[in-house]
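Since the structure comes first, as structure tokens, the remarks are kept for the end.
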Amino acid sequence: MVFPELRSTENYAMKNPAIASDLSQLSLCFFIKLVQDQGDQIVVSYARVHSNDMIVEIYPTRTEFYVGFKMFRFTSTNLYDDTWQHVCLTWENTQGVTKLYKDGQFTGHVTNNETKNYTLKAGGALVLGQEQDSIGGGFNRKQTLHGRLASINMWDKVLSESDIAAQYTNCSVPHGSVFNWSVFKSLTRGNVTVEEP
Ligand SMILES: [Ca+2]
């Protein structure tokens with residue numbers, strides 16, 4: 001899926017509602033190839049209870065992941081890279097820990113105690129390439145995605161390191177149990193295009 005370089009709030013893919021059951025843990029994985037234009041890049045946003053219920057935002061020097069409006073900041077792993085990368089984030093509400101994997105390898109974890117016992121509520125809108133400030137809208141052209149995104153899937157459990165490594169090495173990704181990449185191909189808006197490999 002190709003997100004064009006001209007920043008616009010018209011370019012995205014949206015599934016609404018996107019999540020069928022409340023989540024106490026999750027894994028979110030995707031392949032991404034960014035255009036480095038020095039702006040921050042929104043991969044995905046999910047809005048239900050908060051407009052920031054789940055966000056992946058890649059900055060030139062850090063990556064921020066939100067669950068329930070609470071932030072996990074990763075500064076030691078650079079994802080702002082114009083080559084193809086495989087990225088997985090896992091979160092669970094027992095310890096309130098998010099783990100980041102790049103190209104199949106664990107790169108670090110961040111704890112946010114405020115996400116302990118939090119439940120990500122079902123029924124919200126999931127948008128690829130835009131940051132929501134209201135459910136399904138409130139986009140900002142400075143918070144968009146430039147580049148290519150593929151095989152974004154989400155599961156309702158924390159995947160193991162070996163499961164994640166297999167996605168990267170095989171380039172073969174099992175269907176996400178929460179949402180599955182293939183559904184987004186028919187949900188694009190604006191100038192977002194789908195290229196088949
Ligand atoms: Ca927002």
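Please read these numbers as outputs of a predicted model, since none were measured by experiment. Every number for a ligand or one of its atoms is a count from 1 in the order of the listing.
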* Can you name the nearest heavy-atom pair linking V173 to S151, along with the distance? -> CG2-CB, 4.1 Å
* Structure fact -> Here the pair of heavy atoms bringing S51 nearest to S134 is CB-N, 4.0 Å
* Asked: For Y118 and D53, does a side-chain donor sit closer than 3.5 Å to a side-chain acceptor?
  -> yes
* If you leave out waters, which protein N, O or S atoms are less than 3.0 Å from the Ca ion (ligand 1)? -> N52 OD1, E131 OE1, E131 OE2, Q132 O, D133 OD1
* Test item: Q41 and I32 side chains (from C-beta on) under 4.5 Å apart, heavy atoms -> no
* Asked: Would you say the side chain of Y101 lies within less than 4.5 Å of the side chain of T90, judging by non-hydrogen atoms?
  -> yes
* To do: Check whether any side-chain N or O of Q167 sits under 3.5 Å from a backbone N or O of V87 as a donor-acceptor pair, and report yes or no.
  => no
